[in-house]
Amino acid sequence: MDYDNSDIATVYDQARALAPEVLRQWLDLLSSHVNRGVVSLILDLGCGTGRFTEPLAEHFAARVIGIDPSKKMLDEARRKPTSDRVIFERASAQALPISGNSVDMVFMSMVFHHFSDAATVATECRRVLRDGGHLFIRNSTREADFAYRHFFPAMQPLIESELPTRVDVRSTFEIAGFTAVAHEIVRQIVASSWCQFVQKSALRADSFLARLSDEEYEAGMIELGAHAARAPMREPVVEEVDLFVFTK
């Protein structure tokens, strides 16, 4: 999806914000697979509005390069307070402006399904990653359970055609020469209640929601709202997200 042809960037952080404890959950997962002391340079590939960029820099006490093809998303990222360890660059994942064997870690969050040529991206990631470096992919998969698929049936064709299977992700990077070392299905809280989830969904900042017709979207929001009205007031909304870990 071309985010520069939409207004999603302006509401993305509000709609897709992760609570501090959820962000910590992910950062702790990453550091459980890699020694923080050996990480000095991280590539946040497909960084978007920089949800993870500065937190990665703080958690690993490392320099982080955030790269994204969208000017609007990067404009939002640059408005956030960041340390001098963080820089943002506009570039394609298929042609990274980074020298070979220079990065200790590559991190990708919710971007794999946007790649038009994932094989080339995998090759580029291997080129810039140093020997022994780690690649982390945080992404929804076709098998994962997440709330939208239960309320927006018109989304199913997009799920089937655009979300990768778990085998797809693993094979793409193994073919490029990576070694798969771990795969976890992570359950994360995306909203503290169903009412909050309705409010986030009303911003329509998910790329799949944005591509539904207005009629399909409104029908799903009615179903979602009805469910929120029935659900316990403090019941959190939980979804599954896959974490893949590879090494070079």
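These numbers come from the heavy atoms of this one structure, side chains and all, not from hydrogens, waters or symmetry mates.
Side-chain atoms of H33 never come within 3.5 Å of backbone atoms of V245 as a donor-acceptor pair (strictly under, hydrogens ignored). In terms of modelled atom types and a separation under 3.5 Å, the side chain of R149 and the main chain of A144 share a donor-acceptor contact. A distance-only check finds a donor-acceptor pair linking the side chain of K200 to the backbone of A17 [under 3.5 Å]. Under a 3.5 Å cut-off, the side chain of S70 and the backbone N or O of M73 do form a donor-acceptor pair. The main-chain N or O of L243 is never found under 3.5 Å from a side-chain atom of R138 such that the two would form a donor-acceptor pair. Looking at R78, its side chain does come within 3.5 Å of a backbone N or O of F88 through a donor-acceptor pair. A donor-acceptor pair under 3.5 Å links the side-chain atoms of E54 to the main chain of S83, judged by distance alone.
If you check the side chains of E216 and S213, you find a donor sitting under 3.5 Å from an acceptor. If you check the side chains of E239 and S140, you find no donor sitting under 3.5 Å from an acceptor.
When R36, K248, R130, R63 are each tested for a salt bridge (Lys or Arg N to Asp or Glu O under 4.0 Å) with D104, only one passes: R130.
The CG atom of L129 sits 11.0 Å away from the CG atom of L96 when rounded to the nearest 0.5 Å. In this structure, CZ in F115 is found 11.0 Å from OG1 in T120, a value given to the nearest 0.5 Å. Atom CD in E89 sits 10.0 Å away from atom SG in C47 (nearest 0.5 Å).
The side-chain heavy atoms of H150 and E223, taken from C-beta on, include no pair separated by under 4.5 Å. Counting only heavy atoms from C-beta outward, the side chains of W26 and V186 approach each other to under 4.5 Å.
Two rings, from F208 and Y148, have their centers 6.0 Å or more apart.
Taking 4.0 Å as the cut-off between side-chain N and carboxylate O, D75 and K71 count as a salt-bridged pair. Under 4.0 Å is where a charged nitrogen must lie from a carboxylate oxygen, and between D4 and R90 at least one such pair does. Ion pairing between a basic and an acidic side chain is recognised when a charged N comes within 4.0 Å of a carboxylate O; R170 and D242 show no such pairing.
Residues meeting the side chain to side chain contact (heavy atoms under 4.5 Å, CB included) test with E21, sequence neighbours left out: A19. The salt bridge (charged side-chain N to carboxylate O under 4.0 Å, His left out) check on E124 picks up R127, with sequence neighbours excluded. For H114, the side chain to side chain contact (heavy atoms under 4.5 Å, CB included) criterion is met by M1, Y3, S207, not counting sequence neighbours.
Nearest heavy atoms, L74 versus D68: CD1-O, 3.5 Å.
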Practice prompt. Any chance you could lay out the side-chain contact (heavy atoms from CB on, under 4.5 Å) test for M108 and L135, step after step, and finish with the verdict?
Written response: CA-CA 8 Å; M108 289 187 266; L135 167 70; 3.6 Å; yes
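Ring geometry for F112 versus F173: interplanar angle of 30 to 60°, hence tilted.
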